[in-house]
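Structure record follows, encoded as structure tokens.
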Number of protein chains: 2
Amino acid sequence: MEIPAKTVFYTIERTIKTYRRFSKQNFSKVVNDITVDQKLILQYLNDRPELSQNEIAELVFKDNASLTRMIELMVRKRFLKRSIRPEDRRRFNIELTSKGKEILEKLTPVIAENRKRAFAGITEEELAQLQLTLNKILTNLNHT
Amino acid sequence: MEIPAKTVFYTIERTIKTYRRFSKQNFSKVVNDITVDQKLILQYLNDRPELSQNEIAELVFKDNASLTRMIELMVRKRFLKRSIRPEDRRRFNIELTSKGKEILEKLTPVIAENRKRAFAGITEEELAQLQLTLNKILTNLNHT
DNA sequence: TATTTATAATTGATATATCAAATATATGAA
DNA sequence: TTCATATATTTGATATATCAATTATAAATA
């Protein structure tokens with residue numbers, strides 16, 4: 001009925017938005033007042049505390065200005081604490097607080113469960129194929 | 001900088017954002033100051049002028065409140081004009097202005113070209129498969 | 001060293017996202 | 001008709017997205 005080329009991006013958009021909503025709801029059962037992106041930032045900083053704000057921005061595919069404001073908010077919420085890095089006073093050291101770590105621990109299994117539900121009945125091969133096609137699109141868009 | 005382990009949702013997110021950026025750039029070569037979503041709204045209203053704001057919101061997968069503000073802006077930019085509908089004074093008739101129609105005409109081939117580039121080297125079957133997988137995910141998320 | 005250039009982060013302006021509450025109008029039931 | 005409920009839209013508050021401009025510091029170079 002529909003022509004895929006005309007609706008693929010619509011479906012992609014719909015999927016990502018639906019997943020965000022779904023995640024948010026499940027998050028809220030365990031932890032108050034955290035978004036999917038904030039959780040992702042906590043994760044990155046926990047794994048690699050040396051990251052700069054700009055590096056994180058790139059990792060989570062956001063603008064530096066957005067990151068500034070998100071980090072600021074996360075500091076205000078006491079998920080993170082921030083101090084100037086003496087070796088380079090333009091940058092900050094950003095650390096998870098104990099509250100931040102606690103949140104991360106609570107959310108990790110929720111994420112796993114979210115993915116499990118999202119991908120129920122879908123084989124690894126099918127997901128790999130999905131990634132492959134999306135990466136082709138990405139390559140097309142970046143190399144023209 | 002090293003590339004982090006990517007999840008499917010990360011790739012989906014990255015794809016949609018990259019496509020939005022790509023579209024925006026190509027739009028700006030032809031028309032000033034219009035976003036992908038605004039173009040989509042013009043398209044829907046051109047095809048189905050009887051749509052209410054809430055119906056459009058659902059079609060473009062946005063909140064009613066966002067739609068109010070977007071329509072407002074598009075009226076301010078003279079893409080649209082709006083008048084109260086006498087049969088139901090809660091609703092509006094929203095029409096494209098000649099400027100709105102002109103923009104739509106200019107952008108239609110750009111969209112086609114954008115898709116062509118995005119999907120270069122990808123078969124219809126592959127795209128259909130992509131849709132299929134995404135729809136499975138959507139069904140999973142909506143039925144749990 | 002002094003000056004230029006680059007980098008990290010912030011700020012300002014404007015648009016959009018989201019949720020809750022409010023407003024206006026329509027519809028249905030008592 | 002009158003009251004309760006539903007619907008369409010708006011508004012307010014707060015967060016995020018985007019672009020351009022600014023600030024502070026570091027690095028490069030004349």
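Values below: all heavy atoms of this structure, side chains included; hydrogens, waters and symmetry mates excluded. All chains are named by letter (A, B, ...) in the order of the sequence lines, taking the proteins before the strands, and each is independently numbered beginning at 1.
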Inset, instruction - Considering just the side-chain nitrogens and oxygens of A:Ser52, establish if one lies under 4.0 Å of OP1 or OP2 belonging to C:dA9. - result: yes

Inset, instruction - Identify whether any heavy atom of A:Asp88 sits under 4.0 Å from a base atom; if not, whether one sits that close to sugar-phosphate; answer base, sugar-phosphate or nothing. - result: sugar-phosphate

Legend entry - Separation of atom CD1 in A:Ile71 from atom P in D:dA15, rounded to whole Å: 15 Å

Legend entry - Nucleotide nearest B:Ser66 when distance is taken to its side chain, options C:dT11, D:dT10, C:dT18: C:dT18

Inset, instruction - Evaluate the side-chain proximity of A:Phe27 to A:Ile111: yes if any heavy-atom separation is below 4.5 Å, no if none is. - result: yes

Legend entry - Salt-bridge present (B:Arg117, B:Glu113; N to O < 4.0 Å): yes

Inset, instruction - Grab the CD-C1' distance between B:Glu50 and D:dA8 for me, whole Å please. - result: 16 Å

Inset, instruction - Report yes if a side-chain nitrogen or oxygen of A:Lys24 is closer than 4.0 Å to either non-bridging phosphate oxygen (OP1 or OP2) of C:dT18; otherwise report no. - result: no

Inset, instruction - Verify the contact: side-chain N or O of A:Thr68 to OP1 or OP2 of C:dT10, cut-off strictly under 4.0 Å; return yes or no. - result: yes

Legend entry - Distance, rounded to the nearest Å, where B:Ile41 contributes CD1 and C:dA17 contributes C1': 13 Å

Inset, instruction - Please determine if a side-chain N or O atom of B:Lys62 lies less than 4.0 Å away from the OP1 or OP2 oxygen of C:dT18. - result: no

Inset, instruction - For B:Gln38, answer base if it contacts any base atom (sugar-phosphate contacts may also be present), sugar-phosphate if it contacts only those atoms, and nothing otherwise; contact means non-hydrogen atoms under 4.0 Å. - result: sugar-phosphate

Inset, instruction - In whole angstrom, give the distance that lies between atom CZ of A:Phe92 and atom P of D:dA26. - result: 12 Å

Inset, instruction - Counting heavy atoms from C-beta on, name the nucleotide in C:dA26, C:dA6, D:dT11 closest to the side chain of A:Arg90. - result: C:dA6

Legend entry - Rounded distance in Å - CG (B:Asn64) to P (C:dA24): 18 Å

Inset, instruction - Using whole Å, report how far CD1 of A:Ile84 lies from P of C:dA8. - result: 15 Å

Legend entry - Whole-Å gap separating C1' (D:dT10) and CD1 (B:Ile94): 13 Å

Inset, instruction - For A:Arg76, answer base if it contacts any base atom (sugar-phosphate contacts may also be present), sugar-phosphate if it contacts only those atoms, and nothing otherwise; contact means non-hydrogen atoms under 4.0 Å. - result: sugar-phosphate

Inset, instruction - Assign each of A:Leu73 and A:Asp63 to its nearest nucleotide of DNA chain D by heavy atoms, then name whichever residue's nucleotide is nearer the 5' end. - result: A:Leu73

Inset, instruction - Mind checking A:Leu67 for me? I need base, sugar-phosphate or nothing, with any heavy atom below 4.0 Å counting as a touch. - result: nothing

Inset, instruction - Using atom CD of A:Glu58 as one end and atom P of D:dT18 as the other, report the distance to the nearest whole Å. - result: 15 Å

Inset, instruction - Among the candidates D:dA17, C:dA9, C:dC19, find the nucleotide nearest to the side-chain atoms of A:Met70. - result: D:dA17

Legend entry - Any side-chain heavy-atom pair of B:Arg91 and B:Gln53 under 4.5 Å: no

Inset, instruction - Determine, using ring centers only, whether A:Phe9 and B:Phe119 are less than 6.0 Å apart. - result: yes

Inset, instruction - Choose from D:dT9, D:dC19, C:dT25 the nucleotide whose nearest atom is closest to any side-chain atom of B:Arg89. - result: C:dT25

Inset, instruction - Would you kindly compare A:Gln53 and B:Arg69 by the position of their nearest DNA chain C nucleotide and give the one closer to the 5′ end? - result: A:Gln53

Inset, instruction - For B:Lys77 and for B:Ala65, find the nucleotide of DNA chain C with the closest heavy atom, then tell me which residue's nucleotide is more 5'. - result: B:Lys77

Inset, instruction - Check whether any side-chain N or O of A:Asn54 sits under 4.0 Å from OP1 or OP2 of C:dA9, and answer yes or no. - result: yes

Inset, instruction - Return no unless some side-chain N or O of B:Arg82 is found under 4.0 Å from OP1 or OP2 of D:dT10. - result: yes

Legend entry - Side-chain ion pair, B:Lys101 and B:Glu105, N-O less than 4.0 Å: no

Inset, instruction - Determine whether the side chains of B:Thr68 and B:Glu72 contain a donor N or O and an acceptor N or O closer than 3.5 Å. - result: no

